[in-house]
Number of protein chains: 2
Amino acid sequence: MDAGRNPHHPDVRAIDLQRVLEALVDPVRRSILAQLSDAPADIACGGFDLPVSKSTATHHFRVLREAGLIRQYYAGTSRMNALRRDEFEAVFPGLFDAVVIAGRVPQG
Amino acid sequence: MDAGRNPHHPDVRAIDLQRVLEALVDPVRRSILAQLSDAPADIACGGFDLPVSKSTATHHFRVLREAGLIRQYYAGTSRMNALRRDEFEAVFPGLFDAVVIAGRVPQG
DNA sequence: ACGAAAGTACGACGACGGTCAAACTTTGAT
DNA sequence: ATCAAAGTTTGACCGTCGTCGTACTTTCGT
């Protein structure tokens, strides 16, 4: 099974809050979401500004995907990342903004 | 230092999102917040329905207090717990409802 | 004064999660 | 065909966190 090339994306309605919060609690993952939220288009894994190694970044992308927060698809050798913002908003209203937007620049 | 009897309550404006999310990610702590949110009055530590020992519960109350989510004060030998809802809402708008209210009964 | 009730403090323990390096796979370009 | 680029997978390491039991402190009632 080409699991790596065709990653599983859960139905957002089937996701529990626990998993979402576990995804949101990591600052690297929130940074990924913030960068996606700010960008005008989807971003490849290598296009993020992250303070971790590639293998660690892969781990974070998987957590976000399995929490229903992002969608991943291939474009050539690059794996693109997109926010599932509307779907997520429908199931957890206000949560994304309250966490990611409010958390931009911890500088008061 | 009567630290036990006069616990420290941080200024909510000085609290960073990271600490808040670390507090909210634990289901026992969210249960505490939900029970407080449902109750018409403050609740003593022993008045909660929690699946953990007393010493563990003490730990969870401290985490919630240091994250600015609850206020604790003594009434005799009982330690009462109150939500700091308005203060918290002013600093992290929408976050409490998005997490605690939305998380009530994962049963669809 | 004594004892019970309500929490807290202190270690200790176990599990889980973030981290990395190294080896591997797949795709695109030369 | 070959090689480089982009990610993934695997395995290991380590710190942190939730958990508990025990001992301790404080207060209230008798």
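Only a predicted model underlies this, so the values are computations on that prediction, with no experimental measurement involved. Note on naming: letters A, B, ... go to the chains in the order of the sequence lines (proteins, then strands), and numbering restarts at 1 for each one.
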- Nearest-Å distance, CD (Q72(B)) to C1' (dT26(D))? 16 Å

- Message: Using a 4.5 Å cut-off between side-chain heavy atoms of Ile, Leu, Val, Met, Phe, Trp and Tyr, which other residues end up in the same hydrophobic cluster as V63(A)?
- Response: none

- Query: Does any donor atom in the side chain of S37(B) or R104(B) lie under 3.5 Å from an acceptor atom in the other side chain?
  - Reply: no

- Message: Please report the distance, rounded to the nearest Å, between CZ in R19(B) and C1' in dT16(D).
- Response: 14 Å

- Nearest to the side chain of K54(A), which nucleotide is it out of dT19(C), dG7(D), dT27(D)? dG7(D)

- How long is the span from the CG atom in N81(B) to the CG atom in D42(B), to the nearest 0.5 Å? 8.0 Å

- Rounding to 0.5 Å, atoms CG (L50(A)) and CD (Q35(A)) come to a distance of 5.5 Å

- Item | Distance, rounded to the nearest Å, where R5(A) contributes CZ and dG7(D) contributes P | 10 Å

- dG7(C), dT19(D), dT27(C): which one has an atom nearest the side-chain heavy atoms of V52(B)? dT19(D)

- Query: According to a strict under-4.0 Å criterion, is H60(B) in side-chain N/O contact with OP1 or OP2 of dT19(D)?
  - Reply: yes

- Task: Measure from the side chain of R62(B), starting at C-beta and using heavy atoms only, and say which of dA9(C), dG18(C), dC20(C) lies closest.
- Result: dA9(C)

- Once you round it to whole Å, what is the distance between C1' of dG7(C) and OH of Y73(B)? 16 Å

- Would you sort out whether C45(A) and M80(A) count as a side-chain contact (heavy atoms from CB on, under 4.5 Å), showing the intermediate values? CA-CA 6 Å; C45(A) 290; M80(A) 306 301 297; over 6 Å; no

- Do any side-chain nitrogens or oxygens of S78(A) fall under 4.0 Å of OP1 or OP2 in dG7(D)? yes

Between the protein and nucleotides 12-14 of chain D, which nitrogen or oxygen pairs come in under 3.5 angstrom?
none

- Here the gap from H59(A) atom NE2 to S53(A) atom OG, rounded to the nearest 0.5 Å, amounts to 10.5 Å

- Would you mind listing every salt bridge (charged side-chain N to carboxylate O under 4.0 Å, His left out) that reaches into residues 20-31 of chain B, with sequence neighbours excluded? none

- Message: Counting the atoms with a prime plus P, OP1 and OP2 as sugar-phosphate, which does H59(B) contact under 4.0 Å by heavy atoms, base, sugar-phosphate, or nothing?
- Response: base

Review item, nucleotides 28-30 of chain C N/O atoms under 3.5 Å of protein N/O:
none

- Query: Below 4.0 angstrom from OP1 or OP2 of dT8(C), is there any side-chain N or O of T58(B)?
  - Reply: yes

- Round to a whole Å and report the spacing from CE of M80(A) to P of dA5(D). 19 Å

- Partners of E87(B) by salt bridge (Lys or Arg N to Asp or Glu O under 4.0 Å), sequence neighbours excluded? R71(B), R84(B)

- Output, in order, the C-alpha distance, side-chain angles, deciding distance and verdict of side-chain contact (heavy atoms from CB on, under 4.5 Å) for F88(B) and L83(B). CA-CA 9 Å; F88(B) 188 80; L83(B) 275 183; over 6 Å; no

- Spacing of F61(A) atom CZ relative to dG18(C) atom C1', expressed in whole Å: 15 Å

- Item | Sub-4.0 Å heavy-atom contacts from residues 24-45 of chain B onto DNA chain C, ordered by number | A44(B), C45(B)

- Note on the structure: Here the distance between atom P of dG18(C) and atom CG of L64(A), to the nearest Å, is 10 Å

- Query: Aromatic rings F61(A) and F48(A): how do their planes relate, parallel, tilted or perpendicular, breaks at 30° and 60°?
  - Reply: tilted

- Separation of atom CD in E22(A) from atom C1' in dC17(D), rounded to whole Å: 13 Å

- Note on the structure: Minimal heavy-atom distance between I15(A) and E66(A), with the atoms involved, is CD1-O, 4.0 Å

- Task: Give the C-alpha distance, both sets of side-chain angles, the deciding distance and a yes or no for side-chain contact (heavy atoms from CB on, under 4.5 Å) between L24(A) and L33(A).
- Result: CA-CA 9 Å; L24(A) 292 176; L33(A) 295 177; 3.6 Å; yes

